[in-house]
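In listed order, ligands and their atoms are each counted from 1. Values below: every heavy atom of this structure, side chains too, minus hydrogens, waters and symmetry copies. Residues take their numbers from the sequence shown, with the count starting at 1.
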Amino acid sequence: MSALLEIVGASKSFGGVFAVSDVDLSVQPGEMHCLIGPNGAGKSTLFKLVVGTYPPSAGRIVFRGSDITRAKPFARVGRGMSIKMQAPSVFKALPVRQNLHIALQDHVARHAIGAEEDRLLDILGLTDDADRPAGLLSHGQQQWLEIGMALALRPVLLLLDEPTAGLSPEETFRTGELVRRLNAEGMTMLIVEHDMAFVRQIATGVTVLHLGKVFARGSIDEIVADERVAEIYLGTPHGA
Ligand code: ADP
Ligand code: MG
């Protein structure tokens, strides 16, 4: 089986300081791969290399068999990546359905948009809120709406940066159920996350970053049982 996404020897330095250092990571089709690690480990920087926010200082990124190391973000999206950054960026003054409509209009035939809005509203649990302005939704609901807007692009790889940040335990659990359902329908995902209960709920594979390098990789059970991993989390604000 060939990887959907392959990161090969990726490094990124900021003024000579390496935020990401010689990282190899591959995501297979159908995986729900979680990237974890203490604050400052380099997770967001690696995520930005995948998304194309900036190019790596060294290394390669291969997506669906093509080298995209130097490709602009919009070109990556065109090849089937869709991204949800950490902070919600929905159109708060517009109804929930209209937010989905805007995301769908360039990707779905006009006559099919209404049905696709309904399908996404159902998946997101937002059917009853379809006509409310998005700004009146809870923080969790806004996160789900934004996941829906990312899905509207019909991606083959969905990238989520800390989708549970700021959510209650109940909302976090529901987010886990949402992404599990998407994965069951075939969506491959790479997810940056620090909530270990959430990672346990969803991950098919875990990579631990520490000081910009791959520190450990394996199943969630292997990672939780690894005392070296527990040690790197001690004394960090997010805990594990
Ligand atoms: P994480 O997401 O795991 O908390 P980051 O990737 O945000 O880690 O940061 C890794 C390291 O790189 C940190 O030391 C951070 O200060 C540094 N860093 C991240 N982005 C920049 C930037 N744009 N300029 C300079 N240093 C940065
Ligand atoms: Mg981060």
Look only at interatomic distance and state if Y54 has a nitrogen or oxygen under 3.5 Å from any nitrogen or oxygen of ligand 1.
no

Should the pair R76 and F63 be classed as cation-pi, given the thresholds of under 6.0 Å to the six-membered ring centre and 45° from the axis?
no

Looking at A3, is its backbone amide N or carbonyl O close enough to the side chain of E6 to form a donor-acceptor pair, meaning the two atoms are under 3.5 Å apart?
no

Considering residues, nucleotides and ligands other than R60, do more than 12 of their heavy atoms fall under 6.0 Å from its CZ?
no

Per-atom contacts, ligand 1 versus F14 - under 4.0 Å to a heavy atom:
18 (N), 19 (C), 20 (N), 21 (C), 22 (C), 23 (N), 24 (N), 25 (C), 26 (N), 27 (C)

Under 3.5 Å, side chain of T188 to main-chain N/O of L157, donor-acceptor pair present?
no

Does ligand 1 have any atom that is closer than 4.0 Å to a heavy atom of G42?
yes

Salt bridge (Lys or Arg N to Asp or Glu O under 4.0 Å), that's the test. Do E185 and R180 meet it? Break it down for me.
CA-CA 9 Å; E185 291 174 0; R180 279 169 58 116; over 6 Å; no

Answer yes or no: is there a donor N or O on one side and an acceptor on the other, between the side chain of K43 and the main chain of P38, under 3.5 Å?
yes

Can you find a protein heavy atom under 4.0 Å from atom 19 (C) of ligand 1?
yes

Within the protein, is there a heavy atom lying under 4.0 Å from atom 16 (O) of ligand 1?
no

Please tell me whether T69 and D67 have a donor and an acceptor in their side chains that are separated by less than 3.5 angstrom.
yes

What protein heavy atom sits nearest atom 13 (C) of ligand 1, and how far away is it?
G40 O, 4.1 Å

N/O/S atom of S44 inside 2.8 Å of the Mg ion (ligand 2), strictly under
yes

Looking only at protein heavy atoms, which one is nearest to atom 7 (O) of ligand 1, and how far off is it?
S44 CB, 3.8 Å

Heavy-atom contacts with T45 under 4.0 Å: which atoms of ligand 1 show up? List them by number with element.
5 (P), 6 (O), 9 (O), 19 (C)

Could you name the option among A41, P38, A19 that has the heavy atom nearest to atom 11 (C) of ligand 1?
A19

